Amino acid sequence: QSLANPIASAPDGTDATMFRDPSTPIFARDQNSTGAAHILMGAQLGGRGVVFAFRSALPAEGDSLDMQFRSTLITQSYWANSDHPLPRGKRKNSWEMPELLLFDGASDPAILKLSIDDLPDPSGAVLTQYDVFVPGRSAVANNDLSFEPTLPYWRRIDQGNFYASKVMRSPTSPDDFILWGWVREHFAADVNETALPSWSGFMSLPRLVQKSSDANGLTVRTPPHPSLEQLRGERLVQLSDVELTANAVLSLSDAAMVQGEIIVRLAPLPANATVELRVLATHDGATSYASIFVDSENNFGIDARQATGPGVNGRDAGRLVADDVADDAALSLRVFVDRSVVEAFVNDGAGVVTSRVYADANNTHLALFTDAAGVRVQSVDVYRIKHIFGDGARHHGTSDGELQCGDTCLMGVVILAALLFVGVVALVRRLCCKPTQRKFRRLDDDDDGDSEAGRAQEIVE
């Protein structure tokens, strides 16, 4: 075992098969703290999900890391008897892929990110692996990391097909983070193996994690990363001030579009109204399609039950809280379609839903639809996504009628590689420099556990 790649030992009683997924290193932002890297590990202890905190002093050049267990940061029993218990992850009784995001603020605001693996849905129609944000406070005292949830309140990061996400601090903005996750394949059990692809999912497009607040305290939005605007190519549609006809389809373009970005801004909706953006649709927009929808009750989601193809085309939905909606109750949709991957952002990332839509090869059109009168669309903009390898890019697809992966399916992987490179370089610089060479900024600029269980520093017995 290389001294530069130490093995972290799990506390006694930890399920060794569930001790994994080290976090991105966390560095203190308090000038009074000595240099140290804090690492979180997901685990199972006593049949419950836990997050362990490890610490290593920043080594002098030539020295190795010395990863030492410091505490149980939080356990699943926290809030066990509240109206909003932390999700358990019943398939493994474990928490995976923990990350801790430290923000500037007098109250030491922080967000804990967890990946939850619940029991599979018997029908297979609903994916039960998902990621959550838990708001709280975090600090470094005596060189130990602590985290305390502030309210019995947590939110899913994405309402659909998004799991095992990773986070790194933005190199351009110290209070922003970059997030990306795994968008898996989603096939019925009886699909012919010859129709299955030779890959297992894609990385999502990169998203920002930005601090905001709502009635329940600290929360975040996850809009698309601004760099994605550089991929905008030909503008296919530009509309403004359009009133939709109830129960009629408005075709947006005769041009085929299976890889693109669609931005829709809606005036405040009348009561009992639902608006659908239909993508990967037949030419009439009515026979086969996937629908990104929002309604007057602030529900949103992707409904692919009208799509045809070999995958499980289901419905994923969420609801915006009051603070996610503008004072004028206007709604916005920003949707990225990359053949079978659809990512939808509502109100600048206040609500996000991702889905795999296995549409027929000829379903390449866009349309708008509403079930109510008086719906006004402020604007619609549709762009093709440029090939990331330039004009000479080749298609990484299969023959018509089979599953396809366009050039931009690699977009998330390429961006991910670049982000990982930046992160690795930053980490190496931190870990290979003497501690005195680094400056730290103050953070100011169904379970039965008892009420004490789950506090920071606790180890489940």
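Position 1 is the first residue of the sequence, and the numbers go up from there. Nothing here was measured: the structure is a model prediction, and the numbers come from that model.
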Is the shortest heavy-atom distance from the side chain of [X] to the side chain of [Y] under 4.5 Å?
X    : Y    : answer
V220 : I111 : yes
W95  : D21  : no
V352 : I157 : no
L333 : I262 : no
V275 : F293 : no
W154 : L86  : yes
S204 : W180 : yes
P98  : K113 : no

Can you tell me if [X] uses its side chain to pair, donor with acceptor, with the backbone of [Y] under 3.5 Å?
X    : Y    : result
K211 : L102 : no
R319 : E297 : yes
D338 : Q259 : no
D131 : A164 : yes
S138 : S146 : yes
R156 : D158 : yes
D324 : V321 : yes

Geometric class of the F69/F54 ring pair [parallel <30°, tilted 30-60°, perpendicular >60°]: perpendicular
Ring geometry between Y163 and W182 (parallel below 30°, tilted from 30 to 60°, perpendicular above 60°): tilted
For the atom pair [atom1] ([X]) and [atom2] ([Y]), what is the distance rounded to the nearest 0.5 Å?
X    : Y    : atom1 : atom2 : answer
S23  : K166 : OG    : NZ    : 6.0 Å
L112 : L73  : CG    : CG    : 6.5 Å
S56  : I39  : OG    : CD1   : 8.0 Å
M41  : T14  : CE    : OG1   : 10.0 Å
T24  : L100 : OG1   : CG    : 11.0 Å
I302 : T354 : CD1   : OG1   : 6.5 Å

Locate the shortest heavy-atom distance separating [X] from [Y]; write the atom from each residue and the value.
X    : Y    : result
S115 : M97  : OG-CB, 3.3 Å
S296 : L269 : N-CD1, 3.8 Å
S71  : L145 : OG-O, 4.0 Å
V325 : A330 : CG1-O, 4.5 Å
N161 : S355 : CB-CA, 4.3 Å
I178 : P206 : CG2-CB, 4.2 Å

Pair L45-D15, side chain to side chain contact (heavy atoms under 4.5 Å, CB included): steps then yes or no: CA-CA 6 Å; L45 185 64; D15 184 338; over 6 Å; no
Pair R384 + E261, salt bridge at N-O below 4.0 Å: no
R70 bridged to D144 by N-O distance under 4.0 Å: yes
Worked check of side-chain hydrogen bond (donor to acceptor under 3.5 Å, both in side chains) between E185 and Y358: CA-CA 10 Å; E185 307 301 325; Y358 303 98; 3.0 Å; yes
Trace of the side-chain hydrogen bond (donor to acceptor under 3.5 Å, both in side chains) decision for R356 with S340: CA-CA 5 Å; R356 300 300 301 274; S340 65; 2.8 Å; yes
Y289/N363 under side chain to side chain contact (heavy atoms under 4.5 Å, CB included): CA gap, chis, key distance, verdict: CA-CA 7 Å; Y289 54 86; N363 293 2; over 6 Å; no
T72 vs V51, side chain to side chain contact (heavy atoms under 4.5 Å, CB included): CA-CA, chis, key distance, verdict: CA-CA 6 Å; T72 298; V51 174; over 6 Å; no
Could you tell me if [Y] and [X] have a donor-acceptor pair between their side chains, going purely by distance under 3.5 Å?
X    : Y    : answer
Q306 : R278 : no
Q159 : D316 : no
D117 : Y130 : no
S291 : E276 : yes

Audit row: L320, V346, side chain to side chain contact (heavy atoms under 4.5 Å, CB included) steps and yes/no: CA-CA 9 Å; L320 301 175; V346 183; 3.8 Å; yes
Over-ring placement of R334 relative to F345, 6.0 Å and 45° cut-offs: no
